[in-house]
Q: 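Starting off with a structure, shown below.
What you see below is based on every heavy atom in this structure, not just the backbone, and it leaves out hydrogens, waters and symmetry mates. Every chain is numbered from 1, with letters handed out A, B, ... down the list of sequences.
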Amino acid sequence: MNANLSALLYLVAGVLFILSLRGLSSPASSRQGNLFGMIGMAIAVATTLANHPPADGLAWLLVIVGIAIGAAIGAVIARRVPMTSMPELVAAFHSLVGMAAVLVAAGAFYAPEAFDIGTPGNIHTQSLVEMSLGVAIGALTFTGSVIAFLKLSARMSGAPIILPARHLINISLAVALVACIVGLVVTGSPVFFWLNVILALLLGVLMIIPIGGADMPVVISMLNSYSGWAAAGIGFTLGNSALIITGALVGSSGAILSYIMCHAMNRSFISVILGGFGGETAAAGGATGEQKPAKLGSADDAAFIMKNASKVIIVPGYGMAVAQAQHALREMADMLKKEGVEVKYAIHPVAGRMPGHMNVLLAEANVPYDEVFELEDINSEFAQADIAFVIGANDVTNPAAEEDKTSPIYGMPVLQVWKAGTVMFIKRSLASGYAGIDNPLFYRDNTMMLLGDAKKVTENIVKAM
Amino acid sequence: MEHVAQVVDPFIFRLSIFVLAVFVGYFVVWSVTPALHTPLMSVTNAISSVIVVGALLAGGVANVSSGSGWARGFGFIALIFACINIFGGFLVTQRMLAMYKKKAK
């Protein structure tokens, strides 16, 4: 195939990828967008195979077997994964992109002639620079995502792991990494190539272990961004516009999501990266609330009050996901709607462990997406609501964020559930939330605590109705 | 009059594409509705696996030296990883998007 034609086809693939993201501006156009993405991918793969067909029968076999294995594993995972596990799945996928970038770069390093970037041991300097950046970011994304995966799937504690002198260690590692990149570019030696890989792998681990579970939405977005930059780096090496465009799209997408998450927590990106948040229980703000008694309610009380309400706003959080309570919740909402109660859902940007996590879970439980609202669209409505039904959320409803200047979360935008007539809290205990901050809302007069597993309590309310 | 052709390094063209794509990404992603941020992450995962083109080049290289043998091995593993991501990413996105429904009248 003509090189110009294939370059044009890669451009078409890149444009289709842009359209696939563009489709996500509304649920109605999103399915078509996903289809555009698939077509773009098919074009990119077909163009590569037509332009650079595998050299011999064995190579064809490797390619076909490789695609078949990957496709089978990917399809099975996509079908089986429960929606509550999306954060860990996305983290695992990020790690694969990172590792693929490292392996492709290694392939290009050992067989540069296949990539038109020189001959073995004599690779163009510029390509070495691009390659080493792609490798470093890819390796860092790989181990960083593996740690994020372990933390998100609770195979590893979400508590931050703080090494002594960790900033010093990280800075020296980063300096050593830069030195290795320079070494690789100057000498072209495989020793520097692999040192580069090893240092970046190590840096990825050390960067993510000090970051606490509450900051995972930022981490996962950030790794999304890194996987994009790694792909773009490899795109420069290959001179492939589809890869460069995609890398840039994904890189900026992850960066924007990180920004949105940081903003929603009123934290700076730097303070998240430096880590350590959410480890110990914050002393400030929590001291006064302990003595006051909380008002406990039963499922029957809750059912009675809600049936007689005219407007209920449901605030779901990570606790709902853990208890898999979304289906019971939707059943409850259906019954309320039958009684003529207006039901809406309010979602905080950092509810759950990744951006948009709650929306997917509600969609899975057949909650129509036009009943689900974002923080800024619904916050003014709590004052008119009879009941705010908080299920598995805590920190995102904490009035201390607006009232208590000493609170660590002061300034974070929160859902103003306390303005509703009655606040119902489904929680396992009166313990503080993930960020380790006590919630004064538990002890207010218009708050009713429904202690227990989110799913069981919701089911009991449904029965009581 | 002699016209001296000034050849622009292809790197500059690539950089131009990259910079413009960053801007396109910036505007496109801000227009994504927050309700679809999880599908956004899974689909960006799938499309960033277009790195598969590199895996195909490395895996299909002519077997002429020990270096190309290594390249084939790396390419093969990269191909598996990228394909897990491509199929897993697009299919799980499709599964999620199919769940978003409007209110029944």
Side-chain angles (χ1 to χ4, degrees), chain A residues 17 21-22 24-25 27 30-31 34 37-38 44 48 54-55 59 62-63 66-67 69-71 73-75 77-78 90 93 96-97 100 103-104 106-107 110-111 114 120 224 227-228 231 234 236 238 241-246 248-250 252-253 256 355-356 359-360 363-364 368-370 374, chain B residues 11 14 17-18 21-22 24-26 28-29 31-32 34-38 40-45 47-48 50-51 53-62 67-68 70-71 74-94 96-97 99-103:
Chain A
F17 292 150
L21 297 193
R22 175 73 198 148
L24 291 171
S25 56
S30 61
R31 280 161 275 230
N34 199 37
M38 293 185 200
T48 308
L62 279 181
V63 165
I67 293 178
I69 295 176
I73 298 176
I77 293 175
V90 167
F93 279 170
L96 292 182
V97 177
L103 290 167
V104 168
Y110 281 94
N224 186 220
S227 70
I234 302 300
F236 274 96
L238 305 187
S241 57
L243 199 42
I244 295 175
I245 292 174
T246 315
L249 287 179
V250 177
S252 47
S253 164
I256 290 172
N359 302 77
V360 172
E364 187 198 14
Y369 63 79
D370 37 8
E374 301 301 319
Chain B
F11 173 78
R14 289 167 199 166
I17 295 174
F18 176 74
V22 168
V24 170
Y26 180 85
V28 169
V29 172
S31 76
V32 171
L36 293 176
H37 275 162
T38 297
L40 171 68
M41 295 195 97
S42 61
V43 86
T44 49
N45 241 306
I47 63 173
S48 57
V50 72
I51 201 157
V53 300
L56 288 171
L57 291 181
V61 70
S68 50
W70 280 108
F74 292 134
F76 180 65
I77 302 170
L79 186 61
I80 295 177
F81 284 178
C83 285
I84 293 177
N85 246 327
I86 292 171
F87 284 83
F90 280 125
L91 292 176
V92 86
T93 309
Q94 194 175 42
M96 275 191 272
L97 294 176
M99 299 186 308
Y100 283 80
K101 291 186 194 83
K102 265 197 140 133
K103 211 181 306 193

Q: Please report the shortest heavy-atom distance between B:S48 and A:A231, naming the atom on each side.
A: O-CB, 4.1 Å

Q: Looking at B:I17, B:T93, B:V92, which one has more heavy-atom pairs under 4.5 Å with chain A than the rest?
A: B:V92

Q: Counting heavy-atom pairs under 4.5 Å with chain A, which one of B:V29, B:N45, B:V32, B:I80 comes out on top?
A: B:N45

Q: Could you walk me through whether A:L238 and B:I51 pass side chain to side chain contact (heavy atoms under 4.5 Å, CB included), step by step?
A: CA-CA 10 Å; A:L238 305 187; B:I51 201 157; over 6 Å; no

Q: Under a 4.5 Å cutoff for heavy-atom pairs, which residue among B:A55, B:S68, B:G54 has the most contacts with chain A?
A: B:G54

Q: Do the rings of B:Y100 and A:Y369 sit parallel, tilted or perpendicular, given the 30° and 60° boundaries?
A: tilted

Q: Taking side chain as everything from C-beta outward and backbone as N, CA, C, O, which of these in A:L62 sits under 4.5 Å from a heavy atom of chain B? Side chain, backbone, both or neither.
A: both

Q: Flag the one option from A:G37, A:G74, A:P27 with the top tally of heavy-atom pairs under 4.5 Å to chain B.
A: A:G74

Q: Counting only non-hydrogen atoms closer than 4.5 Å, does A:E374 touch chain B with its backbone (N, CA, C, O), its side chain (CB onward), both, or neither?
A: side chain

Q: Looking only at heavy atoms, what is the nearest atom pair of A:A111 and B:A71, with distance?
A: CB-CB, 3.4 Å

Q: Restricting to non-hydrogen atoms, name the atom on B:A62 and the atom on A:A55 that form the minimum distance, rounded to 0.1 Å.
A: CA-CB, 3.3 Å

Q: Count the heavy-atom pairs under 4.5 Å between each of A:T48, A:L21, A:L24 and chain B, then report the option with the highest count.
A: A:L24

Q: Give the minimum heavy-atom separation between A:R22 and B:S31, together with the two atoms involved.
A: NH1-OG, 2.9 Å

Q: Please rank B:V61, B:L79, B:I47 by heavy-atom pairs under 4.5 Å with chain A and give me the top one.
A: B:I47

Q: If you count heavy-atom pairs under 4.5 Å between each of B:L57, B:V43, B:V28 and chain A, which one has the most?
A: B:L57

Q: Could you pull out the closest heavy-atom pair between A:A242 and B:V50, with the gap in Å?
A: O-CG1, 4.2 Å

Q: Between A:L243, A:I69, A:I73, which shows the greatest number of heavy-atom pairs under 4.5 Å with chain B?
A: A:L243

Q: Return yes if some donor-acceptor pair links the side-chain N/O of A:D370 with the main-chain N/O of B:K102 below 3.5 Å, else return no.
A: no

Q: How far does CG of A:L249 sit from OH of B:Y26, to the nearest 0.5 angstrom?
A: 15.0 Å

Q: Atom CG of A:N34 and atom OG of B:S42: how far apart are they, to the nearest 0.5 Å?
A: 7.5 Å

Q: Would you compute the distance between atom SG of B:C83 and atom CG of A:L96 and round it to the nearest 0.5 angstrom?
A: 11.0 Å

Q: Okay, side chain of B:T38, backbone of A:G356: is any donor-acceptor separation there less than 3.5 Å?
A: yes

Q: Might you work through the side chain to side chain contact (heavy atoms under 4.5 Å, CB included) test for B:F81 and A:V97, ending with a clear yes or no?
A: CA-CA 7 Å; B:F81 284 178; A:V97 177; over 6 Å; no

Q: For the candidates A:A114, A:A71, A:P54, which exhibits the highest count of non-hydrogen atom pairs separated by less than 4.5 Å from chain B?
A: A:A71

Q: What are the two closest non-hydrogen atoms of B:A58 and A:G107, and how far apart are they?
A: CB-CA, 4.1 Å

Q: Is the backbone of B:R14 close enough, under 3.5 Å, to the side chain of A:S241 for a donor and an acceptor to pair up by distance?
A: no

Q: Please confirm whether the backbone N or O of B:L36 pairs with a side-chain atom of A:N359, one donor and one acceptor, at under 3.5 Å?
A: no

Q: Taking every heavy-atom pair that is under 4.5 Å apart, which of B:V53, B:L91, B:I86 has the most such pairs with chain A?
A: B:V53

Q: Where does A:S25 contact chain B at under 4.5 Å (heavy atoms): side chain, backbone, both or neither?
A: both

